[in-house]
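Naming convention: chains lettered A, B, ... in sequence-line order (proteins, then strands); numbering from 1 in each chain. Everything numeric here is computed off the predicted structure, so don't read it as measured data.
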Amino acid sequence: MRLSAAFLPTLKESPADAQVVSHVLLARGGYIRQVAAGVYNFLPLGWRVVRKIEEIVRQEMDRAGAQEVLMPAAVPAKLWQESGRWEQYGPELLRFKDRKGAEFCIGPTHEEVIVEMVRRDTSSYRDLPLNLYQIQAKFRDEMRPRAGLMRGREFIMKDAYSFDVSDERALAAYDAMYAAYARIFRRCGLDFRAVEADTGAIGGSRSHEFQVLAESGEDAIVACDRCTYAANVEQAEVAAPTAPGIVPGAAGHAATTERAQVATPGKKSIEDVAAFLGVPQTQLIKALVYMADGKPVLALVRGDRGLNEVALKKALGAKHVYLARDVEVVDAIGVAPGFVGPVGPLRGEVAVWADAELRGARGAVCGANAADAHLVGVDVERDLPGVRFAPLRFAEPGDRCPRCGEGTYRGFKGIEVGHVFFLGTKYSAPMQCDFVDEQGATKPMVMGCYGIGITRVAAAAIEQNHDAGGICWPISIAPYEVEIVALQAGDVAVMAAAQALYDGLRARGVEVLFDDRDERPGAKFKDADLIGVPLRVAVGARSLKDGKLELKARRDAQPTLIAVDGAVELLAARVAEEHQKLRDAADAPWGSPS
RNA sequence: CGGGGCGUAGCGCAGUCUGGUAGCGCGCUUGGUUCGGGACCAAGAAGUCGGAGGUUCGAAUCCUCUCGCCCCGACCA
C-alpha cells in the first residue's frame, strides 16, 4: 500500500478520552475511531490487524478439528426463553422488537443458537463429536465500557462449542481447545498464562482463562514460579498455614497475651487502630460481617489480608454473599463497623468463620463489640470456642504454592483474552439437545464452550508491545510486515530504488507499506514508529549513493546498512524468519490443563 | 446504578465565575524558503459554542430540561 493513497489518518495528539496505552496508540496510529461508547470503526489498518488475528485463530481451530459456521447476530427471544436466560440475563443483553413486535436480542454469546442448530440435525452418537465455531461481532451492553478495545460493548469474538457423547470425551475436547488456545496466543507473540478460573454458577468441573500479562490488566492473578500452577486470585488456592498467622509481638499491646479492653476512640480502620496502639497491622484480626443467603456471618482474616468472597462462599456453601450494609451490621452484631469483633456478646445467632491462618493465633487485637474500644491479647483458641476455620483470604504474591509446595506465588495483572469452559449439560439438557447412544438410550450431549476476544487480543498485544514512540507489533499480527520509507520524495534515484524494492517485495508476497509521501523524513519516521510495522527500510540519498539501504527492526535502537543488491531476498528471508520464530514457539511443548 | 468531570473548527484546548462582534496550538488550502527524527515565513478556509426551552435590548457565558462522552466504584462473564 502506498501511504500517499492510504486512508491512514495519524494523530499527533491523543484523543482526550483515551486513557490506556492501547487505546491511545490505536487512535493515534489511525487504526480505530470511536463511534459511540464502547463502539468503534476499524479503519483499514485496524481491520488488517483483526483479520490477521482471525486467520491465526481459524488455522488453529481448523487444525484442532473444529468447523467454522456463522450464526445470526439478531437472535429471537424464544431461544433464550428455552434456556431460561431471557429472564436471568440483565440489562447487559441488548433487546429489541421487530416490526411485528416479536422480541429479539443481539447475541452476546451463542449457546442457545448453536444448541438449536445442532439438535435439529444431530440425533445419533455416530454424528458426534462436533466442534463448531464462528467469528462474529458480539454486543454486550456493559454498564461501563472502557479502555478502548479492551472493554467495548461491541467486539469481535471467536466462540466455539463442542458436543460429545460423554464427560470423558467432552473433557478431551476441552483439552484439545486448551492446547489450540496456547498455540494461538503463542503465534500472536503474547506473554500469557492459562489460569484456573471460577466455574461459578455454571458449576462445571473445569474452566481456564487465558490471561495476557500486562500492567493495565483488570484481573489479578498469581502464578507459581516453580510449577505451572496459575490462577485468578479469587480462585487461587492458599496453602495450609504451617504456623499461626499472629503470635505475640515484642512490646506494648503486641506483647500482651492477657485479654484486656482498651479505648480506641474513633479508630475504625485497621490502619488507624494499628497506628494508635503501636502494633503492626499483622497483629490485628479484621472482622467483616457478610450476609450469606440472608443470614449474617462474621468472617475473620488477619488485618493486612483481603477477604476473598469466592472462598467465603465456598466455605459456607452459600449461593449469594455480600458485605453487610451498616444497618445490617448493627442489627446483627449490635455495634457499628469499626469495632466489630468475634469475642461475645454478639446480638444474634451469628456464625463465626476464621481464616485458616488464624488457628492458634495469640496476642491478637480485634474489635471489642463496644463503641470506641478494641481488645488486645486475644487468643483465638481460648477466646473463640465456637469458631470454624476455612481458607478465606486472597492468595498473595510471596505465598507458598499449594500445588508443588516448593515455589512461591508471583503476582500479575492480566487481560483475559480467552476462556475455555466445560459446560456439561447445562444447555443441552433443558433445550433437549439429545442423542441416541449405542444402546439406544437417549442422552443429552455434553458440551464445552470456548471464547477468544479477537479485538481484545489486538489491544492486549499493544499493551504488551509498545514503547514511547508507538506500537511494536509481533509480525504475525502486524498490519504490514515491512514499511519502506522514501526519505526524499523529490529525489529521482531514491524514489526509483524505493519503488523497485516495493515491487520486488510485493512480487514475493511480502506485505509492504510504502511511505511515498512528500513529507520530511522526521515526520515519516515518527509515523512509522507510531504505526509499528516490525521491519522498516529507509531509502535515503545519503546511503543510497553507496548502494546501501537502512534496515531497522521496530524494536531495535539502531539501523543496519544493507546492500541494495539482494535487498529484496534479504528482507523476504528476514520476514520469513520472524514468522518462523513464532511458529516454533507455538510448536514448543507447553503445559496441559490438569 | 452511585459519585465525579467534560461537551466551543478534524484533533488538543482557552474563553463561562463577572452576559456585549468566538479565540489559540496542531492539522487543512495556496505561495515561498527548507529537507535524515513531527521545519519556517506569509496569506487563507473552516465553528447552528451538544440539543430544546426560558431570562435579557443582547446568551458560549445566567436558569430549566435533555442528549452524549470520560473517569472512580459497585455489577457481570
Side-chain angles (χ1 to χ4, degrees), chain A residues 7 9-20 23-24 27-30 33-40 85 88-93 107-111 138-148 150-153 155 157 159 197-202 204 207-211 218-219 232 234-235 309-310 320-323 325 415-421 423 449-453 456 468-470 485-491 494 515 517-531 536-545 548-550 552 557-559 561:
Chain A
F7 182 48
T10 56
L11 303 169
K12 272 191 189 177
E13 294 177 280
S14 43
D17 47 12
Q19 307 293 319
V20 297
H23 190 188
V24 168
R28 287 192 53 211
R33 289 288 184 268
Q34 181 163 333
V35 177
V39 179
Y40 294 86
R85 285 209 294 183
Q88 285 167 24
Y89 232 84
E92 209 177 75
L93 186 63
T109 173
H110 279 72
E111 282 83 1
K138 294 274 193 283
F139 196 97
R140 292 183 190 173
D141 201 354
E142 295 272 350
M143 281 182 201
R144 193 154 89 76
R146 70 189 103 174
M150 298 241 293
R151 200 172 182 82
R153 289 192 295 172
F155 54 96
M157 180 170 164
D159 46 323
D198 187 10
T199 50
I202 296 179
S207 176
H208 287 85
E209 289 167 351
F210 286 78
Q211 296 272 3
E218 292 185 312
D219 296 331
N232 196 305
E234 292 191 344
Q235 183 69 13
E309 290 186 19
V310 172
H320 188 61
V321 162
Y322 67 90
L323 190 62
R325 293 188 300 266
I415 301 166
E416 182 188 346
V417 290
H419 200 153
V420 292
F421 229 115
L423 286 176
C449 70
Y450 319 93
I452 291 179
R456 195 184 267 186
V485 180
L487 294 181
Q488 294 85 20
D491 185 313
V494 165
D515 193 346
R517 295 174 302 171
D518 185 14
E519 288 284 346
R520 296 163 63 86
K524 294 188 173 192
F525 285 139
K526 289 289 186 191
D527 269 346
D529 286 350
L530 179 60
I531 290 166
R536 186 190 81 190
V537 186
V539 184
R542 209 165 64 192
S543 42
L544 192 62
K545 67 177 174 356
K548 302 286 190 187
L549 305 172
E550 293 160 35
K552 188 176 101 60
Q558 295 300 324
L561 288 175

Considering every strand shown, what is the Watson-Crick or G-U wobble mate of G12(B) when both distances are under 3.5 Å?
-> C24(B)

Flag, side chain of K524(A) to backbone of L487(A), donor-acceptor distance under 3.5 Å | no

Contacts of F210(A) that satisfy ring-ring contact (aromatic ring centres under 6.0 Å, His included) - sequence neighbours left out | Y178(A), Y181(A), F185(A)

Under 3.5 Å on both distances, the Watson-Crick or G-U partner of C17(B) = none

Partner of G73(B) by Watson-Crick or G-U wobble geometry, both contacts under 3.5 Å, or none?
-> C1(B)

Reading 5' to 3' through nucleotides 33-44 of chain B, protein heavy-atom contacts under 4.0 Å coded B for base, S for sugar-phosphate only, - for none | -BSBBBB-----

Contact class for R33(A) (heavy atom, under 4.0 Å): base, sugar-phosphate, or nothing?
-> nothing

Between A52(B) and A60(B) - C1' atom distance, rounded Å | 16 Å

Could you please name the partner base of G53(B), counting Watson-Crick and G-U wobble pairs only when both distances are under 3.5 Å?
-> C63(B)

Any strand, both distances under 3.5 Å, Watson-Crick or G-U wobble: G58(B) pairs with none

Contacts of R28(A) that satisfy salt bridge (Lys or Arg N to Asp or Glu O under 4.0 Å) - sequence neighbours left out = none

With sequence neighbours left out, the residues meeting ring-ring contact (aromatic ring centres under 6.0 Å, His included) with H110(A) are none

Pairwise N/O distances under 3.5 Å, protein to nucleotides 3-8 of chain B:
none

Taken in chain and number order and not counting sequence neighbours, the residues that satisfy salt bridge (Lys or Arg N to Asp or Glu O under 4.0 Å) with K138(A) are D159(A)

For A45(B), the Watson-Crick or wobble partner whose two distances fall under 3.5 Å = none

Would you kindly give the CZ-to-P distance between R85(A) and A77(B), to the nearest whole Å?
-> 10 Å

Hunt down the Watson-Crick or G-U wobble partner of G36(B), both distances under 3.5 Å, from any strand shown, or write none.
-> none

Atom pair distance, as rounded to whole Å: CD in E142(A) and P in A74(B) | 15 Å

List the atom pairs, donor and acceptor, that lie under 3.5 Å between side-chain atoms in residues 538-545 of chain A and the rest of the protein, sequence neighbours left out.
residue: S543(A); atom: OG; partner: E550(A); partner atom: OE2; Å: 3.0
residue: K545(A); atom: NZ; partner: R542(A); partner atom: O; Å: 3.0

Output one line per pair: protein atom, nucleotide atom from nucleotides 67-71 of chain B, and distance, for all N/O pairs under 3.5 Å.
residue: C69(B); atom: OP1; partner: A37(A); partner atom: N; Å: 2.8
residue: C69(B); atom: O3'; partner: Q34(A); partner atom: NE2; Å: 3.0
residue: C70(B); atom: OP1; partner: Q34(A); partner atom: NE2; Å: 3.1

With sequence neighbours excluded, tell me which residues meet ring-ring contact (aromatic ring centres under 6.0 Å, His included) with F525(A).
-> none

Residues in salt bridge (Lys or Arg N to Asp or Glu O under 4.0 Å) contact with R536(A), at least two apart in sequence or another chain | D529(A)

List for me each residue that meets salt bridge (Lys or Arg N to Asp or Glu O under 4.0 Å) alongside R520(A), sequence neighbours excluded, and say none if there are none.
-> none

Report the distance from atom CD of Q235(A) to atom C1' of A77(B), rounded to the nearest whole Å.
-> 14 Å

Who is the Watson-Crick or G-U wobble partner of C6(B), with both distances under 3.5 Å?
-> G68(B)

Rounded to the nearest angstrom, tell me the gap between atom CG in D219(A) and atom P in C75(B).
-> 14 Å

P spacing across the pair C69(B) / U29(B), given as an integer number of angstrom = 31 Å

For atom CZ of R151(A) and atom C1' of C72(B), their distance in whole Å | 14 Å

Sequence neighbours excluded, the answer for side chain to side chain contact (heavy atoms under 4.5 Å, CB included) partners of E13(A) is none

Provide the distance between the two P atoms, one in G31(B) and one in G25(B), to the nearest whole Å.
-> 22 Å

